[in-house]
Amino acid sequence: MAALAKDLFRALEDIVGPENISDDPAVLDSYRYSLSHTAIHIGPFFDTFTPRGAAVLLPGSTKEVQAIVKLCNKHKIKFKASSTFWSAQGYPSEDNTIQLDMRRMDRILEIDQKNMFAVIEPGVLGATLQAEAMKVGLNTHIPGSGCSCSTLASATSYFGSGPSNLFAGWHYENLLGLEWVMPTGDVLRTGSLGSGCGWFCGEGPGPSVKGVCRGFLGSKGSMGVYTKCAIKLFAWPGPRTLPIEGSAPAYKTRLPDNFKAYTVAFPSWQAWADAAHLIWETGIGYLAHRQFNMFGRDLKFAMVKILTDPTRTLGDLEELLEDPEVRKVTEQSKRDFQIVLVGMTRRDTEWQEKVLAEILARTGGWKVEAMNEPDIHDWTLLYLIRLGHKNLNLVFGGSYDGCFGLLGAVDFGASHAEEAAEFKKEWEKHGAVVQAGGDCMMGPIGGQGGGGTGLWENFTCFDPYDQESTDGTLQFFDACTEFGLSKGWGVGMEKWNAVARGRDGKTTPKEERDRMHRAAPQPSVFRYQHKVREAFNPNDLGDAYYETLDD
Amino acid sequence: MALEDFAAEMDRCSQCSYCKWIPFDQMKSWRFAKNCPSIAYHNFNSYAARGRYAVARSLIKGHSGYSDTVRRIVFTCLACGSCDVSCKICRYNLEPLEMVRELKFKLVQDGQGLDKHKAVLESLQKERNTMGRLNAQRGEWADSLDVPRLPSQKAEVLFHAGCRYSYDPDLQSSARVAVELLKKAGVAVGIMGGREICCGGRVYSMGYKEEFARLARANLSAWAEAGVKTVVTSCADGYHAFKRLYPQLGSQVEALHTVELVDRLLKAGKLKLRSEVPLRVTYHDPCHLGRQGEPYVPWRGVEKKIKKQIIVYEPKRPRYNGAWGVYDPPRDILKAIPGLELVEMERTREYSWCCGAGGGVREAYPEYADWTAGERIAEARATGAEALVSACPWCQRSFRDALHARGEAMKVYDIVELVQKAL
């Protein structure tokens, strides 16, 4: 890594102040991401980190961001902004990149109760926005990465899928007016904001460039910096503050009778998919997610028992797995998902309950009664509403990633879920990954606009400190890709970002990227994005997470 | 343990940033959502537990070296343990607080300690207290008390005042009140007076573990000589040292905080509160009494894997995550006081915000310590309380100083002062 030239460092320091810039190697190393963790969706690569940045800056305003970006253009130096640094996508792919940590820009500027939106800065988390929105009877969609993540980043730089897709759509659909420091340093205000009409609309009156700046599945920090946005909020017919009971970590919330969390299970995958369709058709549900199956088909109920009892630890797992009651519930909930019903009125509550009962009757499904035990129910409700335990993804050994995966109709997923699970179950015997029962498929029941699709991934957990585990996981993921292609399922989630970042933690070589993009179902998307990048990012100061093809 | 023993944790920390926030389930507002004063003040990742794991890894791998920045990153940790609670919402195989303590030990061993901490060490070695005062003055706080002086006189219950209560003229009366309360309830309590020495807790959290061990052994030896079975203290730092650290050196002496004993005495009817104290108060959980006040459980064991890659321990390892700290006794005492209204701050119990005095921060970084205390005062004010109550002299000193620096008025009490008013 080349050190930043002293005059450039000083110029940057003048912008943000000396307390908000650092090029100390130890600080820079706390802004590198371990690819042993995989982290959405490449690798894992043992003992490999994203490149060390040239400097980390903590801008405090749009004006400062703009000045930094202009300086980067002047010196042709790459920059990358991240708000909450949850995954490798938020970290540089090239040496000598200026890193912008947006943490200081963390204000909720406005909550427009009447028009149901909030205006936020990048550092606002799902949790803080939710806590403030609830005070005025509103709620925010929280992405699958959990409430520790930036709402703005989820909406602008990724696609923001999560359990409340069912009611609240994906976060990119919730993006309204946006303030964008473009890769050149110019500021563009989009939608209604751009025509001085306020924040209420992302697509006009005013510049409708959401597709341009976000690109395919979000620009992932590669196309300038988003400094403010308005985000849609949704109805919250609950208390103004979540009433929390219980001891850490087994917190739970007891909400009024218009809130119910159920775990429902089905005799076949077809019945499972039919139920999802019926839920969409009838419009019931506030959240729906296959959540706890992330621990694995064989382990999930034992894990629920551990997580809902503050005296238990992972050391109790084997004993619990021998418990006949746990075994019975585990068997009952093989093909399950969680659904939260929230009634806006008493009649609505009663109606949703009746509809769910009818859906279960038609599909042969059932409620998993053990999950209705009050402490477990109240824990489930809190878990899904706040999504504040999402890093249980990493509970076993410290790392996970999703393989196979589905973004599409649930019938498609249902058709290959069991086969993929069996494939994984065989690999689990090799020892590199957690032996969890093969089926660790998890994800939302509902996609764009609330229904029609599901988004699943088959969680694979491993130990990033153990080279045999990490290398073995990579071999497994390679095998998944091969298996998925042989079955006509396409490349799985395990390789989604292989097109952007390679095994050395740096940008995937161009020839490899071009090969992958040409093989994609719609390569013209990437050719179009190439033209966008040329127009908006002429000095190419982002990285390959904004995917382009220039042939 | 050595820093290298945490190498696996350094790799297994998933950089999720939970360590920067109170448990998300407990968030009630944007304003009071942060848990770690260090990252809240400095903002760079390096100042949170996740960043300190990365810094430690970088150091032991030789990817970076010591610098003023590294020293600041390490020694601005208040050792308050809030990161530890939040991390363990989802993790069972990381010990961020232990790792940061080990990082401090490593810097001290490598001669990277701070000059301001060395001054405290000098005071300890010369005068056996952390306050830079003469040892000969240590017992003066208790001159008016008619209680046995150990070890020349005997008592099974020892009240340990600690450095701050012994020397801080604004706070000494609380120590006297505590002893008087115990006496009134019939507890045969004694004190060491001028022979008392520092518990060592504060230098331990600065990174001086050998000095801590020396002090601990000296105290244990003095207690043995005096026949002490139970040590009671009103200082949360001291309590933590006696409850969690001394047993690691073989202590069998029961450790109680004054609030635990007073709560028991009230519930047993040995103290009766009859006078109205018409006051709206909020209670600040001291870190070392609350989340770090969990009982010590001896453990020796090894890591093993089940289900191929799930990390567990053989035998089962005790879990310190703040769930079992001392939270209810002080609240029960306050609720027992006639006319007194207790209102809670947003960050309470295991996810309480630190007062700013811990980890040697008060001694080395007074501005940052003041800011930390100021944040807590703002939170206390938001409850509408007239007074801020705590159970640790270091917290009280921090709050009083921060209020003074801001020219603000708010009453700050030790909990025993309110009990005394209510008798």
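First the proteins, then the strands, lettered A, B, ... as listed; each starts at 1.
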Peer 1: Identify which of Arg32(A), Arg103(A), Arg240(A) forms the greatest number of heavy-atom pairs closer than 4.5 Å to chain B.
Peer 2: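 The answer is Arg103(A).
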Peer 1: Considering only heavy atoms, which portion of Ile21(A) lies under 4.5 Å from any heavy atom of chain B: side chain, backbone, both, or neither?
Peer 2: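 It is the backbone, since no side chain atom gets that close.
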Peer 1: Let's test your reading of the structure: which of Ser46(B), Gly322(B), Pro315(B) forms the most heavy-atom pairs below 4.5 Å with chain A?
Peer 2: Ser46(B)
Peer 1: Identify which part of Val56(A) has an atom lying under 4.5 Å from any heavy atom of chain B, answering side chain, backbone, both or neither.
Peer 2: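 For Val56(A), heavy atoms of backbone and side chain both lie under 4.5 Å from chain B.
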Peer 1: Take Ser247(A) and Trp324(B) through the side chain to side chain contact (heavy atoms under 4.5 Å, CB included) test and state the conclusion after the steps.
Peer 2: CA-CA 8 Å; Ser247(A) 295; Trp324(B) 315 111; 4.3 Å; yes
Peer 1: Could you check if a side-chain atom of Gln309(B) sits within less than 4.5 angstrom of a side-chain atom of Cys461(A), using non-hydrogen atoms only?
Peer 2: no
Peer 1: Classify the ring geometry of Tyr91(A) against Tyr33(A): parallel below 30°, tilted from 30° to 60°, perpendicular beyond 60°.
Peer 2: tilted
Peer 1: Run the numbers on Phe476(A) and Phe462(A) for ring pair (Phe, Tyr, Trp, His ring centres under 6.0 Å), then give the verdict.
Peer 2: CA-CA 11 Å; Phe476(A) 166 61; Phe462(A) 56 98; over 10 Å; no
Peer 1: Taking Ile244(A)'s backbone N and O only, do any of them form a donor-acceptor pair with Thr253(A)'s side chain (distance below 3.5 Å, no angle check)?
Peer 2: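 It does not hold such a pair.
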Peer 1: If we ignore hydrogens and angles and just use 3.5 Å, is the side chain of Thr383(B) paired with the main-chain N or O of Glu344(B) as donor and acceptor?
Peer 2: no
Peer 1: As an exercise: rank Trp21(B), Phe44(B), Trp30(B) by heavy-atom pairs under 4.5 Å with chain A and give me the winner.
Peer 2: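 The candidate making the most pairs under 4.5 Å is Phe44(B).
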Peer 1: Report which part of Glu468(A) has an atom under 4.5 Å of a heavy atom belonging to chain B: side chain, backbone, both, or neither.
Peer 2: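 Neither; nothing under 4.5 Å.
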Peer 1: Begin with the C-alpha distance, continue with both residues' side-chain angles, and end with the deciding distance and a verdict on salt bridge (Lys or Arg N to Asp or Glu O under 4.0 Å) for Asp285(B) and Arg347(B).
Peer 2: CA-CA 9 Å; Asp285(B) 290 281; Arg347(B) 294 173 289 193; over 6 Å; no
Peer 1: Could you tell me which of Phe85(A), Tyr383(A), Tyr465(A), Phe49(A) has the largest number of non-hydrogen atom pairs under 4.5 Å with chain B?
Peer 2: Tyr465(A)
Peer 1: Given heavy-atom pairs under 4.5 angstrom as the criterion, report whether the side chain, backbone, both or neither of Tyr66(B) touches chain A.
Peer 2: neither
Peer 1: Could you tell me which portion of Asp24(A) (side chain, backbone, both or neither) has an atom closer than 4.5 angstrom to a non-hydrogen atom of chain B?
Peer 2: side chain
Peer 1: Between Ser399(A), Cys149(A), Pro249(A), who has the most heavy-atom pairs with chain B when the cutoff is under 4.5 Å?
Peer 2: Pro249(A)
Peer 1: Non-hydrogen atoms of chain B under 4.5 Å away: do they reach the side chain of Glu132(A), the backbone, both or neither?
Peer 2: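 Side chain only.
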Peer 1: Go through the atoms of Ser22(A) and report whether side chain, backbone, both or neither lie under 4.5 Å from a heavy atom of chain B.
Peer 2: both
Peer 1: Would you say Arg386(A) and Gln130(A) are linked by a side-chain donor-acceptor pair, where the criterion is simply a distance under 3.5 Å?
Peer 2: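 Yes.
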Peer 1: Quick check on the interface: out of Asn20(A), Thr84(A), Val27(A), who has the most heavy-atom pairs with chain B under 4.5 Å?
Peer 2: Val27(A)
Peer 1: Asp101(A) versus chain B, heavy atoms under 4.5 Å apart: side chain, backbone, both or neither?
Peer 2: side chain
Peer 1: Taking the side chain as every heavy atom from C-beta outward, state whether Arg12(B) and Ile311(B) have any atom pair closer than 4.5 Å.
Peer 2: yes
Peer 1: Using non-hydrogen atoms and a 4.5 Å limit, figure out which bit of Leu299(A) sits close to chain B: side chain, backbone, both or neither.
Peer 2: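 Only the side chain of Leu299(A) comes within 4.5 Å of chain B.
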Peer 1: Output, in order, the C-alpha distance, side-chain angles, deciding distance and verdict of salt bridge (Lys or Arg N to Asp or Glu O under 4.0 Å) for Arg331(B) and Asp328(B).
Peer 2: CA-CA 5 Å; Arg331(B) 287 174 171 79; Asp328(B) 291 327; 5.8 Å; no
Peer 1: Counting only heavy atoms closer than 4.5 Å, note whether Ala432(A) contacts chain B via side chain, backbone, both or neither.
Peer 2: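 Interface part for Ala432(A): backbone (N, CA, C, O).
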Peer 1: Given 3.5 Å as the limit, does a donor-acceptor pair link the side chain of Arg104(A) with the main chain of Leu58(A), or not?
Peer 2: yes
Peer 1: For the candidates Gly126(A), Gly146(A), Gly397(A), which exhibits the highest count of non-hydrogen atom pairs separated by less than 4.5 Å from chain B?
Peer 2: Gly397(A)
Peer 1: Sort out for me which of Ile306(B), Ile73(B), Val70(B) touches chain A most, counting heavy-atom pairs under 4.5 Å.
Peer 2: Ile306(B)
Peer 1: If you draw a 6.0 Å radius around CD in Glu245(A), do more than 12 non-hydrogen atoms from other residues or ligands fall strictly inside?
Peer 2: yes
Peer 1: Can you tell which of Ala7(B), Gly65(B), Ala48(B) has the highest number of heavy-atom pairs within less than 4.5 Å of chain A?
Peer 2: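 Max contact count across the listed options: Ala7(B).
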Peer 1: Heavy-atom pairs under 4.5 Å with chain B are the metric here; pick the option from Leu242(A), Asp463(A), Leu392(A) that has the most.
Peer 2: Asp463(A)
Peer 1: How far apart are the closest heavy atoms of Tyr365(B) and Phe75(B), and which atoms are they?
Peer 2: CE1-O, 3.5 Å
Peer 1: Is the shortest heavy-atom distance from the side chain of Val297(B) to the side chain of Tyr320(B) under 4.5 Å?
Peer 2: yes
Peer 1: Can you tell me if Lys390(A) uses its side chain to pair, donor with acceptor, with the backbone of Gly144(A) under 3.5 Å?
Peer 2: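 Judged by distance alone, yes, a pair lies under 3.5 Å.
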Peer 1: Evaluate the side-chain proximity of Thr313(A) to Ile306(A): yes if any heavy-atom separation is below 4.5 Å, no if none is.
Peer 2: no
Peer 1: Quick check for you: among Glu350(B), Gln26(B), Arg319(B), Lys28(B), which has the greatest number of heavy-atom pairs under 4.5 Å with chain A?
Peer 2: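 Looking at each option in turn, the highest pair count goes to Gln26(B).
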Peer 1: Check whether Ser14(B) gets within reach of chain A through its side chain, its backbone, both or neither, counting any heavy atom under 4.5 Å.
Peer 2: both
Peer 1: Applying a criterion of heavy atom separation less than 4.5 Å, what residues of residues 87-98 of chain B form contacts with chain A?
Peer 2: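 Answer by number: Lys88(B), Ile89(B), Cys90(B), Arg91(B), Tyr92(B), Asn93(B).
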Peer 1: Taking all non-hydrogen atoms of both residues, which atom of Thr308(A) and which atom of Pro310(A) are closest, and how far apart?
Peer 2: O-CD, 3.9 Å
Peer 1: Please check this pair: side chain of Glu346(B) against backbone of Met27(B), looking for a donor-acceptor N/O pair closer than 3.5 Å.
Peer 2: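 No; judged by distance alone, with no hydrogens or angles, the pair does not exist.
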Peer 1: Should the ring pair Tyr41(B) and Tyr368(B) be called parallel, tilted or perpendicular, given that the plane angle runs from 0 to 90° and is split at 30 and 60?
Peer 2: tilted
Peer 1: Between Ala8(B), Cys13(B), Ser67(B), Ala33(B), which shows the greatest number of heavy-atom pairs under 4.5 Å with chain A?
Peer 2: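 When all of Ala8(B), Cys13(B), Ser67(B), Ala33(B) are compared, Ala8(B) has the most.
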Peer 1: Taking side chain as everything from C-beta outward and backbone as N, CA, C, O, which of these in Asp106(A) sits under 4.5 Å from a heavy atom of chain B? Side chain, backbone, both or neither.
Peer 2: both
Peer 1: Are there residues of residues 50-64 of chain B that reach to under 4.5 Å of chain A by heavy atoms, and which ones?
Peer 2: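 The list, in residue order, reads Arg50(B), Gly51(B), Ala54(B), Val55(B), Arg57(B), Ser58(B), His63(B), Ser64(B).
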Peer 1: Is there side-chain contact between Met303(A) and Leu317(A), with at least one heavy-atom pair below 4.5 Å?
Peer 2: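 In contact.
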Peer 1: Over 60° means perpendicular and under 30° means parallel, so classify the ring planes of Tyr47(B) and His42(B), tilted if in between.
Peer 2: parallel
